[in-house]
2 protein chains.
Amino acid sequence: MNALVRKLEHFCSFNKEERAVLDSLSELPLVVAPRHDIIREGDNPTGVNLIVDGYAVRYKALADGRRQILGYFVPGDICDLRVFILKRMDHSIATLTQAEIKTIPEKRVVEVVDRYPRIMRALWWATLVEESITREWLLSMGQRTAVERFAHLFCEIYHRAHAVGLADGPTVRLPLRQSDLAEMTGLSAVHVNRVLQQLRKSGVVKFDGRLLTIVNLEQLEEIALFDPLYLHMGEGRAAKGIQAKSA
Amino acid sequence: MNALVRKLEHFCSFNKEERAVLDSLSELPLVVAPRHDIIREGDNPTGVNLIVDGYAVRYKALADGRRQILGYFVPGDICDLRVFILKRMDHSIATLTQAEIKTIPEKRVVEVVDRYPRIMRALWWATLVEESITREWLLSMGQRTAVERFAHLFCEIYHRAHAVGLADGPTVRLPLRQSDLAEMTGLSAVHVNRVLQQLRKSGVVKFDGRLLTIVNLEQLEEIALFDPLYLHMGEGRAAKGIQAKSA
DNA sequence: CGCCCACTTGATTAATATCAAATACTGTGG
DNA sequence: CCACAGTATTTGATATTAATCAAGTGGGCG
């Protein structure tokens, strides 16, 4: 099933025509090797990229090489709607795993968006949610301890993966290195290792470099001080009574 | 002079009519006390707020009270264009100093934006720049040391203040407490104090709780590993040859 | 004057980084 | 199937950064 449609339907539902348009947004899927830049800071990109499979991230680097991952994409995420306005990328996008992406030319996006206002709003919604996630990460970095930060990251991955149908049980495919997680959380790789051990030992979550298993979601969310509001899920479906809300 | 127009003209220039519209966006300026919430997380806001004078911030808080400031507004900044799509605020906005704000009703924004596409693009640009700044903060939090983080924050404040004409020399009005700076940088107030002393002693920047003075901008930017690209200034004026670029 | 803050200072502790070495895992060629 | 090389993970020891605690100091203002 189309992960993009699945994701956007957390915002609103589409009719058959809209779905067909979303399905047909691009033709040629492109396979990108792991750890490969898709767009680099300073570039002036001309289209947007839809992640079809695999994990990709936004990142920024300091002049001396320190890198920070700013967010990750799961299948169904679109990389850069903002490029239509900003002239140059202020950060880079790279794959972590092998990934399949589809590049949608600027022209096609404009056409679709002009013709289907609901799709436009849905894409806009997706962008705003992503920014909300960035803000939550900033909160994590500034205020959460290393353990809380990991607990939170894992809660988020779990919820986002479920939102696009990437998992049905407590286990999510997450083929990342500990050094990747280090770049996501702003911690050293060694410390990441110790934090993971601690979480494993306390029996709330397991991660073996390939699969992430949430053993005790409730406890994990408690450790993380997790509040799902920032993911803005179920706002569109609210009328249908599907959403779950925290107090 | 209108700080909003001044800011947006970093993206494109406007004709007389557009300027008049921007000037007239709202009627009643409202004075808000210092340290007062303007919008709170979970609210469903109905308009956008333009900061006319004073400093305001976005912030998020964890359930146990830890707070993180996510970004600040200077006069000319508009708080929440995104509310048209997201149903609930995922963070709060509060004043730090006494501030003067104008609330623009949703309807008025829609009207103006529909009628003046350039204004729409300019507002969109402003929003995207703000998000770019959030990403840079995330990089700061994750990778910059306390000293670098402060150096960077001060560079940013300096550049943003200049962009809207809030300063002409090396000094910017910045009536904040050290505890405010602590919430911006994710450091403890005590540590902020020591970092400020260090920066003052090394003679690159002074801050006395009221005024920020950049003594040596070049050196400060070096300490901060500052790259102005993320502010996206001068992209619109590029054709006029006004922008300055870093290597 | 005296109170209330914010700021400053010093001492101590806690969190995390760094360094270095050992172990485990993955894929490859024989 | 095994040996090996190259990575990734794990472990231990130590250093650094920043938080915390506690006690001043200083300034603005009723």
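Quick note on labels: first sequence line is chain A, next is B, and so on, each numbered from 1.
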What's the verdict on side-chain contact (heavy atoms from CB on, under 4.5 Å) for V215(B) and V205(B), showing C-alpha distance, side-chain angles and the deciding distance? CA-CA 5 Å; V215(B) 181; V205(B) 69; 5.5 Å; no

With under 30° as parallel and over 60° as perpendicular, where do the rings of F150(B) and F154(B) fit, or are they tilted in between? tilted

I would like to know whether R144(B) and E136(B) meet salt bridge (Lys or Arg N to Asp or Glu O under 4.0 Å); could you show each step before the answer? CA-CA 10 Å; R144(B) 286 189 174 94; E136(B) 185 73 34; 3.1 Å; yes

How would nucleotides 8-24 of chain C be written as a contact map, 5' to 3', with B for base contact, S for sugar-phosphate-only contact and - for no contact, using protein heavy atoms under 4.0 Å? SBBB----SSBB-----

Value in whole Å for how far the C1' atom of dG6(D) lies from CZ of R35(A): 15 Å

Considering only heavy atoms from C-beta outward, does the side chain of T95(B) approach that of I101(B) to under 4.5 Å? no

In E130(A), E131(A), E41(A), the residue satisfying salt bridge (charged side-chain N to carboxylate O under 4.0 Å, His left out) with R58(A) is E130(A)

Is the shortest heavy-atom distance from the side chain of H162(B) to the side chain of M233(B) under 4.5 Å? no

Salt bridge or not for D64(A) and R66(A), using N-O below 4.0 Å? yes

Give me the ring orientation class for H159(B) and F226(B): parallel if the planes are under 30° apart, tilted from 30 to 60°, perpendicular past 60°. parallel

Produce the list of close N/O pairs, under 3.5 Å, pairing protein atoms with atoms of nucleotides 26-30 of chain D; give distances to one decimal.
none

Whole angstrom value for the distance that separates P of dT9(D) from CZ of F207(A): 7 Å

Are any non-hydrogen side-chain atoms of T134(A) and L70(A) less than 4.5 angstrom apart? no

Using the C1' atoms of five pairs at each end, what's the angle between the two axes of the helix from dC1(C)-dG30(D) to dG30(C)-dC1(D), to 10 degrees? 30°

Verify whether one side chain among Y55(A) and D77(A) offers a donor that lies under 3.5 Å from an acceptor in the other. no

